Amino acid sequence: MVDFQNFAGKSILITGGLGFIGSNLARTLADQGARVTVVDSLIPEYGGNLFNLKGYEGRIRTNIADIRDEFSMAYLVQGQDYLFNLAGQTSPWTP
């Protein structure tokens, strides 16, 4: 069992943060006082959706970027205490 209170006041980056799992993790951590940034490419086939963080505008920073962009990621990981990597394809058959 994870004690999410240990993340209070910490800076957290979640890749794939607009997907189902990533957005629920982001909301939980923000509710516990973490400073959360999510990054998602919003490629239609991969499941990310801005609606998944509705109501958390201003509490969770959102960055639309592809994790394959090394320059964007180098900038986004600076100053983060934790990184949760939840980015990926929704199916092994997705082109």
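Keep in mind it's a predicted model, so treat the numbers as computed, not measured.
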S.K.: Would you say the side-chain atoms of R27 pair up with the backbone N or O of Y56, donor to acceptor, closer than 3.5 Å?
M.R.: no

S.K.: Would you find a donor on one side and an acceptor on the other, under 3.5 Å apart, between the side chain of Q80 and the backbone of I12?
M.R.: yes

S.K.: To the nearest 0.5 Å, how far apart are OG in S72 and CD1 in I67?
M.R.: 11.5 Å

S.K.: Should Y82 and V38 be counted in the same cluster of Ile, Leu, Val, Met, Phe, Trp and Tyr side chains packed under 4.5 Å apart?
M.R.: yes

S.K.: Side-chain contact test, heavy atoms from C-beta onward, threshold under 4.5 Å: evaluate it for D31 versus R59 and give yes or no.
M.R.: yes

S.K.: Go through the side-chain N and O atoms of Y75 and D69 and say whether any donor and acceptor fall under 3.5 Å apart.
M.R.: no

S.K.: Does the side chain of L13 reach to within under 4.5 Å of the side chain of V39, using non-hydrogen atoms?
M.R.: yes

S.K.: Would you compute the distance between atom NZ of K54 and atom CZ of F51 and round it to the nearest 0.5 angstrom?
M.R.: 6.5 Å

S.K.: Within this structure, what is the CG-OG1 distance for the pair N63 and T37, rounded to the nearest 0.5 Å?
M.R.: 8.0 Å

S.K.: Any donor and acceptor pair, going by atom type alone, linking the side chain of D40 with main-chain N or O of G48 inside 3.5 Å?
M.R.: no

S.K.: Please answer whether the main-chain N or O of L76 pairs with a side-chain N or O of Q78 as donor and acceptor at a distance below 3.5 Å.
M.R.: no

S.K.: Answer yes or no: is there a side-chain heavy-atom contact under 4.5 Å between L25 and F84?
M.R.: yes

S.K.: If you round to the nearest 0.5 Å, how far is OG1 of T28 from CZ of F7?
M.R.: 11.0 Å

S.K.: Is it possible for you to say whether V36 and I64 belong to one hydrophobic cluster, with membership spreading through side-chain heavy-atom contacts below 4.5 Å?
M.R.: yes

S.K.: For residues G17 and L53, report the shortest heavy-atom separation together with the two atoms involved.
M.R.: O-CD1, 4.2 Å

S.K.: For I43 and D66: C-alpha separation, side-chain torsions, deciding distance, then whether side-chain contact (heavy atoms from CB on, under 4.5 Å) applies.
M.R.: CA-CA 9 Å; I43 295 172; D66 194 314; 4.0 Å; yes

S.K.: Please give me the minimum heavy-atom distance between I60 and A30, naming the atom from each residue.
M.R.: CG1-CB, 3.8 Å

S.K.: Before you tell me yes or no, could you show the steps for T15 and M73 under side-chain contact (heavy atoms from CB on, under 4.5 Å), namely the whole-Å CA-CA distance, both residues' side-chain angles and the distance that decides it to 0.1 Å?
M.R.: CA-CA 10 Å; T15 64; M73 291 309 299; 3.9 Å; yes

S.K.: Please lay out, stage by stage, how L18 and S23 fare under the test side-chain contact (heavy atoms from CB on, under 4.5 Å).
M.R.: CA-CA 5 Å; L18 292 175; S23 62; 5.6 Å; no

S.K.: With side-chain contact (heavy atoms from CB on, under 4.5 Å) as the criterion, how do L29 and I14 come out once you've worked through the C-alpha distance, each side chain's angles and the decisive distance to 0.1 Å?
M.R.: CA-CA 10 Å; L29 291 167; I14 303 172; 4.1 Å; yes

S.K.: Count I, L, V, M, F, W, Y as connected when their side-chain heavy atoms are under 4.5 Å apart, and connections chain through other members. Are I21 and L42 then in the same cluster?
M.R.: yes

